Peer 1: 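My questions all concern the structure below.
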Number of protein chains: 4
Amino acid sequence: MSETTRRGRPRSAAADQAILEATRSLLGSGGYAGVSMEAVAAEAGVGKPTVYRRWASKAALVADAVLTSEAFGAWEQPEEPAGSGDVGHDVKAWLRAHAERMTAPGQIPLVLALAAAAAESPGGAGEPLYRRLTGPRHRALVARLEAGVAAGQLRAGRDLDAVADALIGALLYQLLTGNAAASAARAEDLVETVLEGFRPAPLAETAGRGRG
Amino acid sequence: MSETTRRGRPRSAAADQAILEATRSLLGSGGYAGVSMEAVAAEAGVGKPTVYRRWASKAALVADAVLTSEAFGAWEQPEEPAGSGDVGHDVKAWLRAHAERMTAPGQIPLVLALAAAAAESPGGAGEPLYRRLTGPRHRALVARLEAGVAAGQLRAGRDLDAVADALIGALLYQLLTGNAAASAARAEDLVETVLEGFRPAPLAETAGRGRG
Amino acid sequence: MSETTRRGRPRSAAADQAILEATRSLLGSGGYAGVSMEAVAAEAGVGKPTVYRRWASKAALVADAVLTSEAFGAWEQPEEPAGSGDVGHDVKAWLRAHAERMTAPGQIPLVLALAAAAAESPGGAGEPLYRRLTGPRHRALVARLEAGVAAGQLRAGRDLDAVADALIGALLYQLLTGNAAASAARAEDLVETVLEGFRPAPLAETAGRGRG
Amino acid sequence: MSETTRRGRPRSAAADQAILEATRSLLGSGGYAGVSMEAVAAEAGVGKPTVYRRWASKAALVADAVLTSEAFGAWEQPEEPAGSGDVGHDVKAWLRAHAERMTAPGQIPLVLALAAAAAESPGGAGEPLYRRLTGPRHRALVARLEAGVAAGQLRAGRDLDAVADALIGALLYQLLTGNAAASAARAEDLVETVLEGFRPAPLAETAGRGRG
DNA sequence: AGGTAACCGAGACGGTACGTCCGGTCTTAAG
DNA sequence: CTTAAGACCGGACGTACCGTCTCGGTTACCT
């Protein structure tokens with residue numbers, strides 16, 4: 001499909017990387033508000049139209065810059081392989097890893113920028129921006145939970161999307177409230193509590209960890 | 001203590017209201033990005049310095065405008081009185097009411113603006129801005145959970161802050177992903193699922209969710 | 001030399017004219033004090049940066065606006081052609097014309113604005129602003145007087161610059177003192193009196209006017 | 001008529017002096033444009049209303065500040081006593097002194113400020129502001145010329161106001177063109193040239209300028 | 001002597017204008 | 001024929017200053 005043969009001068013691939021890198025650098029310094037297309041172009045050593053030709057808005061640029069960052073690039077398919085057989089163990093491991101990546105040095109401003117980009121324009125270009133960004137992770141988590149249900153490790157009939165929303169949303173909320181430090185530490189406990197309600201009823205009495 | 005004697009001309013209280021109302025109006029039209037100090041001043045019929053004299057930044061102004069809105073003003077202490085005796089019932093009612101207020105016509109842009117204000121500047125003036133804003137609600141929810149634990153309706157030893165983060169964060173996440181419509185509908189199911197893990201073990205068999 | 005090839009979008013020539021015309025309009029209404037860069041931009045239908053890009057200060061803008069006005073445009077080289085052969089006749093005609101142009105309807109505020117621009121900032125950007133503005137006229141007058149000296153119609157050895165200063169300065173002084181009406185009426189008499197001292201000595205006794 | 005007895009607290013005379021002195025100080029630093037009512041009040045150590053209570057506008061304040069300055073205070077009646085008997089000698093001495101005072105260190109910005117105040121608002125409060133300011137000097141000069149005519153030292157029938165305008169205007173013009181240095185040096189020559197046309201015809205042969 | 005009225009310094013008020021930054025668009029040259 | 005870069009354009013920024021008003025308090029006249 002489409003023209004495989006491009007006409008005219010080809011785009012510089014190096015410019016893309018320079019622009020994204022400049023955007024991440026500015027995000028690290030001043031957060032979402034500290035990013036300006038002007039500064040991005042200047043720091044990347046390109047003209048402003050070059051930036052606008054590739055990203056339609058600051059929100060889109062920032063989203064791409066964050067999602068293509070080294071730390072985020074690894075998020076895309078991390079949890080499938082972690083199939084230990086126990087859904088509780090897998091989800092704990094995944095959420096903990098998730099939280100640790102989010103709170104790694106220099107990553108917090110990037111995550112917040114994602115939220116800012118999604119929140120600043122309700123009727124903006126990318127209406128469900130945040131969903132687009134976090135969708136793959138959300139779906140992967142839901143898939144793992146479904147597998148747990150199929151394996152009889154979790155009770156059926158629950159709203160799995162709601163559970164995934166709660167787990168991911170808790171991390172987001174902690175970041176927004178400046179409580180990032182707690183995220184990784186609490187991740188396992190959070191999963192344990194939330195999944196408790198999923199256990200098949202008869203097994204519930206042994207589920208308390210430590211003493212409960 | 002402090003100076004009881006104010007010098008100079010006193011501030012106009014009417015201007016405060018006009019500015020906040022203008023801010024809310026603009027938030028409704030164009031979201032956080034659609035608010036400019038210039039437009040706020042013009043719509044409120046005051047000069048720009050009058051705005052800057054009272055709020056140091058757009059983020060601070062937006063935060064105040066949202067929190068003093070009619071719908072938000074009622075949030076501050078709603079859940080204490082809802083003491084039906086059953087923690088599950090109370091929290092469900094509270095979260096559902098919370099979700100309904102957030103998703104009432106015209107309220108979504110206000111909530112998103114709060115997130116945008118909190119997220120756009122990590123090292124900004126109000127570092128833990130969002131916590132300041134949502135703190136009272138968070139604490140009220142934790143207090144109700146603690147009462148449930150004390151009454152023996154919930155298992156002890158859980159991280160109540162984490163649970164509250166999950167419940168509130170889930171709503172926030174749904175808003176950011178454009179899934180606001182689901183928030184109110186799912187609220188009760190969400191509470192049920194999350195609190196399931198709290199039930200004291202022997203009583204687990206009665207916990208079956210009414211609706212599933 | 002110099003780059004004949006300009007890069008980037010060229011400036012709008014129409015904007016220049018609109019800005020200058022708006023400036024003259026405001027000068028007519030409220031004088032120099034009534035001109036603001038803000039109002040100029042608004043009336044010209046352009047943005048403020050467009051004004052600042054072309055003129056560095058209000059003084060420079062006003063100076064250009066006045067000097068490019070219709071009435072002033074004709075001042076640049078008016079007296080050379082008036083070569084009737086008699087220096088007294090020529091200078092009288094020139095000064096009268098000069099005075100009449102200055103005091104034509106709507107012109108007085110423009111001339112005063114020139115003086116205000118020159119006077120408000122001693123160490124400003126255009127230190128000898130007024131000289132730059134009136135220099136051509138001054139030099140033309142001096143040239144005509146020199147020709148009169150060369151033709152033996154005026155006595156040699158006088159400070160021609162001082163004489164030109166006196167003739168032009170008299171008009172300026174009358175404008176500043178609100179005595180503009182008198183300028184044109186007195187112009188000829190003023191020239192006659194001042195030039196009297198220039199006549200070659202032996203002819204002085206017949207110098208009463210009429211024969212000049 | 002009217003109340004000679006004022007009620008209430010009398011105005012502080014010291015404040016007047018402090019305000020005028022502060023105004024002169026600011027004029028010296030930044031010219032007319034460098035004076036702001038705010039800065040005047042601050043430097044004088046008084047409140048802004050105290051300034052506005054005494055002077056209605058910046059132009060009026062600046063005018064008073066200049067005219068009550070030490071150097072200008074002496075201008076009011078200097079030329080009457082200079083009655084040497086020879087009108088040429090007297091006027092030369094007066095104009096030279098006038099020029100020297102104007103161009104004394106720190107005085108130029110004051111004189112320019114006077115011109116700026118007069119020129120910035122054609123239809124402003126003090127329409128004939130400059131005339132009010134320079135009127136006494138102008139009238140004194142005309143009076144001396146009239147005495148010269150009466151004594152037979154000058155020819156009758158000339159427009160003495162025009163001559164005075166030329167002498168004073170020449171100095172003003174030189175100041176505005178940044179040619180202040182020349183003013184004092186040229187003053188005598190200027191007077192000599194201008195008055196030449198006034199001499200009664202038979203005496204013309206002695207008119208050769210002593211210094212040229 | 002006590003009231004009262006006009007002044008005082010201080011400073012915040014509402015608002016105009018300032019000069020600058022930045023988001024986007026257009027024009028021309030390079031590839 | 002499409003890139004790339006530079007200049008241009010106008011909206012909005014945050015600040016300085018405008019001239020006014022409101023204070024608490026002082027100073028003198030006038031009952």
Side-chain angles (χ1 to χ4, degrees), chain A residues 6-12 15 35-42 44-54 56-58 61, chain B residues 3-12 14-15 18-19 33-42 44-58, chain C residues 3 5-12 15 33-42 44-58, chain D residues 3 5-12 14-15 18 35-42 44-58:
Chain A
R6 311 274 301 136
R7 308 237 309 189
R9 174 174 171 175
R11 284 194 180 167
S12 154
V35 174
S36 74
M37 300 302 253
E38 191 103 9
V40 166
V46 304
K48 263 195 294 182
T50 299
V51 180
Y52 279 103
R53 217 171 282 120
R54 298 164 197 226
S57 67
K58 172 172 153 180
L61 169 60
Chain B
E3 77 273 64
T4 58
T5 58
R6 309 274 305 130
R7 309 247 303 190
R9 174 176 174 174
R11 288 195 177 164
S12 155
I19 291 168
V35 174
S36 75
M37 301 302 251
E38 191 107 9
V40 167
V46 305
K48 258 192 298 181
T50 297
V51 179
Y52 280 105
R53 231 174 264 124
R54 299 165 195 226
W55 289 276
S57 67
K58 172 172 153 181
Chain C
E3 76 274 66
T5 57
R6 311 272 305 131
R7 306 250 307 195
R9 176 176 172 172
R11 288 196 179 160
S12 156
V35 174
S36 74
M37 300 303 251
E38 191 107 9
V40 166
V46 305
K48 258 193 297 181
T50 297
V51 179
Y52 279 104
R53 227 172 272 126
R54 300 165 194 225
W55 290 276
S57 69
K58 172 172 151 179
Chain D
E3 75 273 66
T5 58
R6 313 271 304 132
R7 305 242 313 188
R9 174 175 174 174
R11 288 192 178 166
S12 156
V35 174
S36 75
M37 300 303 252
E38 192 105 8
V40 166
V46 305
K48 262 195 294 180
T50 299
V51 180
Y52 280 103
R53 231 175 262 126
R54 300 164 195 225
W55 289 276
S57 68
K58 172 173 153 181

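Per chain, numbering begins at 1; letters A, B, ... match sequence-line order. Keep in mind that this is a model prediction, so the values were computed, not measured.
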Peer 1: Rounded to the nearest angstrom, tell me the gap between atom NZ in D:K58 and atom P in F:dC18.
Peer 2: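 Distance, rounded to whole Å: 7 Å.
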
Peer 1: Measure CH2/D:W55 against P/F:dG19 and give the value in whole Å, please.
Peer 2: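 So the CH2-P distance, D:W55 to F:dG19, works out to 15 Å.
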
Peer 1: Hey, which sits more toward the 5' end of DNA chain E by its nearest nucleotide, D:A15 or B:A15?
Peer 2: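 The answer here is D:A15.
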
Peer 1: Does the E:dG23 base have a donor-acceptor partner in the side chain of A:K48 within less than 3.5 Å?
Peer 2: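 Indeed, a donor on one side and an acceptor on the other fall under 3.5 Å apart.
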
Peer 1: For C:W55 and C:M37, which heavy atoms make the closest approach, and how far apart are they?
Peer 2: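 Nearest heavy atoms, C:W55 then C:M37: O-CE, 4.5 Å.
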
Peer 1: Could you state the CZ-C1' distance from B:R53 to F:dG14, rounded to the nearest angstrom?
Peer 2: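 To the nearest whole Å, that distance equals 13 Å.
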
Peer 1: Both D:P49 and A:T50 contact DNA chain F. Which one's nearest nucleotide lies toward the 5' end?
Peer 2: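 With D:P49 and A:T50 compared, the 5'-side residue is A:T50.
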
Peer 1: Minimum heavy-atom separation for D:A15 to D:V46, with atom names?
Peer 2: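 Taking every non-hydrogen atom into account, CB-CG1, 4.3 Å.
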
Peer 1: Determine whether A:V40 and A:K58 make a side-chain contact, defined as any pair of heavy atoms from C-beta on separated by less than 4.5 Å.
Peer 2: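 No, too far: nothing below the 4.5 Å cut-off.
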
Peer 1: Please tell me which of B:R9 and C:S12 maps to the more 5' nucleotide of DNA chain F, matching each residue to the nucleotide holding its nearest heavy atom.
Peer 2: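 Result: C:S12.
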
Peer 1: With the threshold set at under 4.0 Å for non-hydrogen atoms, list the residues of residues 34-41 of chain B touching DNA chain E in residue-number order.
Peer 2: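 Of all residues in residues 34-41 of chain B, none places a heavy atom under 4.0 Å from DNA chain E.
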
Peer 1: For C:R54, which residues count as a side chain to side chain donor-acceptor pair (under 3.5 Å) partner, sequence neighbours excluded?
Peer 2: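 C:R54 satisfies side chain to side chain donor-acceptor pair (under 3.5 Å) with C:D16 once adjacent residues are dropped.
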
Peer 1: Roughly, in whole Å, what's the span from CZ in C:R11 to C1' in F:dG6?
Peer 2: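 Whole-Å distance recorded here is 13 Å.
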
Peer 1: Would you please name every residue forming a side chain to side chain donor-acceptor pair (under 3.5 Å) with B:K48, sequence neighbours left out?
Peer 2: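 In terms of side chain to side chain donor-acceptor pair (under 3.5 Å), with neighbours along the sequence ignored, B:K48 is linked to B:E38.
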
Peer 1: Figure out the CZ/C1' separation between A:R54 and F:dA5, and round it to whole Å.
Peer 2: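 Computing the A:R54:CZ to F:dA5:C1' distance gives 13 Å.
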
